[in-house]
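So the structure is just underneath, and the comments pick up after that.
Each chain gets a letter, A, B and so on, in the order the sequences are listed, and its residues count up from 1.
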Protein chains: 2
Amino acid sequence: MRLSEGVEWTVHCCTLLAGLPPDAALSAKKLAEFFDVPPDYLAKHMQQMSKAGIVNTKKGPNGGYSLAKPARDITLLDMVEAIDGRVCSFKCTEIRQRGPSGVSPCSYKTPCGIARAMRKADQVWRDELRKTTLADLQIIGLRETPPEQMNKAITWLKGLFT
Amino acid sequence: MRLSEGVEWTVHCCTLLAGLPPDAALSAKKLAEFFDVPPDYLAKHMQQMSKAGIVNTKKGPNGGYSLAKPARDITLLDMVEAIDGRVCSFKCTEIRQRGPSGVSPCSYKTPCGIARAMRKADQVWRDELRKTTLADLQIIGLRETPPEQMNKAITWLKGLFT
DNA sequence: GAATGGGTACTCGGATATAACTTGTCCGAGTCTCTTAGG
DNA sequence: CCTAAGAGACTCGGACAAGTTATATCCGAGTACCCATTC
């Protein structure tokens, strides 16, 4: 069970977008250059973010991606689910109904106890992810990014908007 | 992100084993027959359970798998980690260090904030799984299994130990 | 009748193919901008 | 000098391969049991 690395990429991208002026947009190509990842593959993931309503897109020159909502209203869970989906990590195939001792499906009044426990754990995982917003990640980034990197990043960004 | 179906199989198998007399063992073949799953593939997963110290194995006729510890001392997390591994679902590739604004690794005093949030969520997920023991699952099974299935299962099991 | 040796059937364990999914790449549709020609 | 039309370049979006992991299968090593033979 491993999350797609697309999650890491897009969350970093959104954190970067959160630091831009409200009307600015960054293309997939530029984002990929900033993080040194495959441009086309990143674009594919950003499309999923667009479908999920997390980012807006703008075509043409000076177009690209920008946040669709305030950073405070975007949770880490929103971004994870945009890439990874909303289904529970545990899939119950009801093997209790199979085999020589299985009986008709309507005999089972409650969901499988194992599945219930797994779903509960999945729920607390999602609840925990919901607690962190993009604004939180942005603040952490501003506070903990090495000053040298901050300067390089600002210089790099300014070079795009001239 | 989806858990291997081997998790479902092995947890069900352990729950069944928990209901057997202490000295009894059930072979992978019989377990697979009980749940109607591929015997060889189930055996592969049960080997992982053996490596993790959850079940004991006994070769030869009337051999098979049996619990290595009391059901109360086996958590759902133990079984999940035996199959799925102990590594965090989120893999941080430190993309913050890459690209044109990256600086030397020693400049980063703290782990990436995104990775911290993801690891925290992974931790609460594992903590939740730790709360459920095999004994709990066994009790739930005894309470919620349809009586008709319970009878068929007992009959089936008795047929093996005659 | 009891003990012992060998054969047989059954078990786990690891090595080996196949299938599904994640990862990575490519090309087309749409849109803004810049240039250039005309009024 | 101002306006407007057109070409060009840049963007996203979905369709198309390659690599990796999960799934499924097979065969060999080891062990307990059963039976026949012998004392």
Side-chain angles (χ1 to χ4, degrees), chain A residues 1-10 13 17 23-33 35-66 68 80 82-85 87 89-91 93 95 160-162, chain B residues 1-10 13 17 23-33 35-66 68 80 82-85 87 89-91 93 95 160-162:
Chain A
M1 185 169 80
R2 219 179 68 229
L3 280 170
S4 162
E5 62 184 332
V7 172
E8 183 187 14
W9 297 0
T10 52
C13 287
L17 292 178
D23 56 343
L26 229 52
S27 69
K29 189 179 175 184
K30 294 297 180 185
L31 286 168
E33 183 185 345
F35 291 113
D36 188 25
V37 294
D40 292 324
Y41 192 31
L42 176 62
K44 186 184 183 70
H45 285 311
M46 290 305 288
Q47 289 168 27
Q48 296 183 263
M49 301 296 274
S50 171
K51 280 185 182 174
I54 296 173
V55 298
N56 285 328
T57 66
K58 191 182 170 190
K59 285 191 174 182
N62 292 331
Y65 297 96
S66 58
V80 169
I83 303 299
D84 200 62
V87 296
S89 54
F90 180 80
K91 184 185 175 187
T93 63
I95 67 172
L160 297 179
F161 296 122
T162 52
Chain B
M1 185 169 79
R2 219 179 68 226
L3 280 171
S4 163
E5 60 184 333
V7 171
E8 184 187 13
W9 297 358
T10 52
C13 286
L17 291 178
D23 55 345
L26 229 52
S27 70
K29 188 179 175 185
K30 294 297 179 186
L31 286 169
E33 184 185 343
F35 291 112
D36 188 25
V37 295
D40 291 325
Y41 192 31
L42 176 62
K44 185 184 183 69
H45 287 309
M46 290 305 287
Q47 288 168 26
Q48 295 182 264
M49 302 296 273
S50 172
K51 279 184 182 175
I54 295 172
V55 298
N56 284 329
T57 65
K58 192 183 170 190
K59 286 190 174 182
N62 292 330
Y65 297 97
S66 57
V80 169
I83 303 297
D84 200 63
V87 297
S89 55
F90 180 80
K91 184 183 174 188
T93 63
I95 68 171
L160 297 179
F161 295 123
T162 51

In whole Å, I'd like the distance from the [atom1] atom of [X] to the [atom2] atom of [N].
X	N	atom1	atom2	value
K59(B)	dG30(D)	NZ	C1'	4 Å
K58(A)	dT33(C)	NZ	C1'	11 Å
R2(B)	dT23(D)	CZ	C1'	11 Å
F90(A)	dA22(D)	CZ	P	17 Å
L31(B)	dC12(C)	CG	C1'	13 Å
L160(A)	dT11(D)	CG	C1'	15 Å
W9(A)	dT22(C)	CH2	C1'	11 Å
N56(A)	dT11(D)	CG	C1'	15 Å

Of the listed nucleotides dT11(D), dT21(D), dG24(C), the one nearest the side chain of K29(A):
dT11(D)
Can you list the steps and then say if M49(A) with I83(A) is a side chain to side chain contact (heavy atoms under 4.5 Å, CB included)?
CA-CA 7 Å; M49(A) 301 296 274; I83(A) 303 299; 4.0 Å; yes
Would you please confirm or rule out a distance under 4.0 Å between OP1 or OP2 of dT23(D) and any side-chain N or O of S4(B)?
yes
Phosphate OP1/OP2 of dG13(C): any T57(B) side-chain N/O under 4.0 Å:
yes
Step by step, would you call T93(B) with E5(A) a side chain to side chain donor-acceptor pair (under 3.5 Å)?
CA-CA 8 Å; T93(B) 63; E5(A) 62 184 332; 5.4 Å; no
Run the side chain to side chain contact (heavy atoms under 4.5 Å, CB included) check on L26(B) and L160(B) step by step: do they pass?
CA-CA 9 Å; L26(B) 229 52; L160(B) 297 179; 3.9 Å; yes
Comparing E5(A) with G60(A), nearest DNA chain C nucleotide closer to 5' gives the residue E5(A)
Let's see if you get this right: which residues in residues 39-52 of chain A place a heavy atom under 4.0 Å from DNA chain C?
D40(A), Y41(A), K44(A)
Between P61(A) and M1(A), which residue's closest nucleotide on DNA chain D lies nearer the 5′ terminus?
P61(A)
Applying a 4.0 Å non-hydrogen cut-off, can you work out what P38(A) is touching in the nucleic acid: base, sugar-phosphate, or nothing?
sugar-phosphate
Side chain to side chain contact (heavy atoms under 4.5 Å, CB included) between C13(B) and H45(B), worked out
CA-CA 11 Å; C13(B) 286; H45(B) 287 309; over 6 Å; no
What's the shortest heavy-atom distance between A28(B) and P39(B), and which atoms?
CB-O, 4.5 Å
For G53(B) versus A68(B), what's the shortest heavy-atom pair and its separation?
O-CB, 3.5 Å
I'd like to know whether CG of N62(A) has more than 12 heavy-atom contacts from other residues, nucleotides or ligands below 6.0 angstrom.
no
